[in-house]
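Right, one structure below, let's go through it.
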Number of protein chains: 2
Amino acid sequence: MKTNNNIYPAGLYSFQDECLSLLTGVLNVSKAVTYLVDNQRKPICYKTWQLQPAMHRQYMDTFYKVDPLHPTQFVEQTGITVVKMNDLVNSQERYNHPYYRDFISPWGVQDIVELFLRVDNKLIAGFALFISKQQPEMRSEDIRKAQQLHQFMQFSLEQSLDAPKHNQFENFCDQFQLTPKERMVVELVSQGLPNKTIAAGLDCSLATVKTHLQHIFCKTGVNSKAEITSQLYNQH
Amino acid sequence: MKTNNNIYPAGLYSFQDECLSLLTGVLNVSKAVTYLVDNQRKPICYKTWQLQPAMHRQYMDTFYKVDPLHPTQFVEQTGITVVKMNDLVNSQERYNHPYYRDFISPWGVQDIVELFLRVDNKLIAGFALFISKQQPEMRSEDIRKAQQLHQFMQFSLEQSLDAPKHNQFENFCDQFQLTPKERMVVELVSQGLPNKTIAAGLDCSLATVKTHLQHIFCKTGVNSKAEITSQLYNQH
DNA sequence: CAGGGTATCAACCAGAAGGTTGATAAAGGG
DNA sequence: CCCTTTATCAACCTTCTGGTTGATACCCTG
């Protein structure tokens with residue numbers, strides 16, 4: 001299997017700029033910061049927007065250690081894409097949490113919304129959006145917008161990726177809990193083969209292939225072989 | 001050597017979906033429609049969001065002729081990217097303009113914001129966002145957000161032109177010298193669409209789609225739609 | 001102006017694919 | 001031992017696709 005450690009699309013650096021500009025231009029935030037994540041999960045390539053240099057320095061020196069959303073601490077395994085910090089840490093905890101009490105609160109920040117971009121489920125970039133105490137609280141409607149923006153950023157990222165992702169096939173099959181035989185059918189369908197050839201390949205009758213296909217269609221909500229292939233290569 | 005003036009990125013069809021979802025999810029609009037523009041500047045592949053089918057039909061039958069922003073009428077040379085219709089046509093003119101008086105006003109629309117995507121300064125897609133009379137008027141702040149979204153969409157579009165996936169698509173089409181319409185058919189086929197939907201998208205008859213397909217099969221040596229998709233993304 | 005390339009559409013047919021119902025059988029878990 | 005899951009197959013019908021023939025129309029080029 002290809003070790004795909006070149007998951008950074010060319011131009012990720014400018015992609016990051018564009019994303020930051022998009023987020024700060026559309027959402028009502030007071031400051032923002034973005035970073036990339038290297039394969040040791042270390043944040044690199046920080047870029048800030050209206051963030052006080054002193055605040056950033058303080059973070060880099062000290063408070064990254066207690067950042068509840070720091071990539072090395074925040075579980076990559078949770079598929080979280082958009083998170084509002086005040087939803088993650090309840091108000092009791094916040095009161096005594098050094099990150100809140102000693103860092104963001106003194107800097108006039110009431111809440112942080114963080115967005116994560118992933119490739120092959122691996123964290124590659126993050127965006128932290130700061131809401132100041134002078135601003136209204138983030139409503140669920142605002143979070144919805146953030147999620148919408150995230151979705152598009154993620155889509156855009158995937159479009160510019162190197163080739164099809166190696167585990168697209170597995171993702172697809174796992175997602176819909178396909179059985180071993182069904183996976184084999186999907187594999188052959190993705191080669192553009194007619195049912196007769198698939199039957200020959202699997203050494204079973206045409207009827208059996210059709211039955212498998214019916215089950216696949218049912219499980220995946222797709223309704224033609226053509227769509228399966230399309231899904232496989234155009235996942236987002 | 002034929003200059004290949006095809007500037008459609010691969011996956012434009014789903015890109016369009018994502019853009020529509022982004023715009024309607026982030027901006028406060030009541031309905032929306034998007035279209036691609038073929039090389040005769042004809043709008044194709046319409047997709048609507050909360051737009052009454054009857055309203056769309058009325059447009060397609062009649063009012064496209066007087067649409068101040070119709071691609072065939074609206075000057076492509078102006079580099080306009082985001083435009084608010086009420087800024088383009090003054091209130092005096094609006095009063096007697098059939099498009100306002102007889103079409104959008106009776107449908108309860110007070111204003112339309114239109115976004116254009118270009119490649120090499122050539123119009124390739126448009127998005128019309130409808131603001132209903134029940135909604136507050138579009139402020140300059142809202143337009144700024146629309147411009148911000150446009151900027152990112154345009155960026156994302158240009159990124160995808162450099163993407164490996166796009167190159168594969170181009171290679172395939174160039175290799176067999178497919179015509180612009182044939183390429184469009186290939187694009188839609190790769191989305192797993194049935195011929196009927198492709199015909200609807202391209203605003204032509206089923207027979208025409210079949211003919212295009214025959215030519216594609218003949219040129220490429222492939223003999224099914226399923227194989228096309230597979231070939232597109234499985235070239236060595 | 002003739003001819004090639006492109007785009008359009010119709011009619012027809014054979015075969016493939018999709019959808020449904022129903023049935024059998026082996027494997028595994030509670 | 002029953003029940004579920006998985007895999008297998010048949011028959012039937014509808015719809016979609018592929019293949020073919022033939023035709024019109026436009027544009028551009030020689």
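What you see is a predicted model, and the numbers here were worked out from it, not measured in a lab. By convention in this document, chain letters (A, B, ...) are assigned in the order of the sequence lines, proteins followed by strands, and residues within each chain are numbered from 1.
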When you measure from the side chain of [X], which nucleotide among [options] comes out closest?
X	options	answer
B/Asn223	D/dG19, C/dC9, C/dG19	D/dG19
B/Lys196	C/dA7, D/dC16, C/dC9	D/dC16
B/Ala207	D/dA7, C/dA7, C/dC9	C/dC9
B/Ser205	D/dA10, D/dA7, C/dC9	C/dC9
A/Asn195	C/dG18, D/dT8, D/dG19	C/dG18
A/Ser224	C/dA16, C/dG18, C/dC9	C/dG18
A/His212	D/dA7, D/dA10, D/dT17	D/dA7

Given the rule in the side-chain contact (heavy atoms from CB on, under 4.5 Å) test, do B/Gln231 and B/Thr220 qualify, once you have shown the distances and angles that lead to the verdict?
CA-CA 10 Å; B/Gln231 290 278 326; B/Thr220 62; over 6 Å; no
Output the rounded distance in Å from [atom1] ([X]) to [atom2] ([N]).
X	N	atom1	atom2	result
B/Leu206	D/dT17	CG	C1'	9 Å
B/Ile44	C/dA7	CD1	P	12 Å
A/Gln214	C/dG22	CD	P	15 Å
B/Lys42	C/dT8	NZ	C1'	10 Å
B/Arg41	C/dA7	CZ	P	18 Å
B/Phe217	D/dC16	CZ	C1'	12 Å
A/Lys225	D/dG18	NZ	C1'	13 Å
A/Glu182	D/dA7	CD	C1'	10 Å

Distance test, side-chain N/O of B/Thr208 to OP1/OP2 of C/dC9, below 4.0 Å
yes
Measure across B/Tyr64 and B/Asp61 and return the closest heavy-atom pair with its distance rounded to 0.1 Å.
CE2-O, 3.7 Å
Whether B/Lys47 engages the ring of B/Tyr13 as a cation-pi pair (distance to the six-membered ring centre under 6.0 angstrom, angle to the ring normal within 45°) should be assessed.
yes
Using a distance-only criterion (donor-acceptor N/O pair, under 3.5 Å, no hydrogens), is the base of C/dC9 paired with the side chain of B/Thr211?
yes
Looking only at N and O atoms, is any donor in the side chain of A/Lys210 or the base of C/dG18 less than 3.5 Å from an acceptor on the other one?
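By the distance-only test, yes, there is a pair.
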Between B/Phe103 and B/Tyr99, is the ring centre distance below 6.0 Å?
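So the answer is yes for these two rings.
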Regarding A/Arg183 and A/Asp174, does a basic nitrogen lie under 4.0 Å from an acidic carboxylate oxygen?
yes
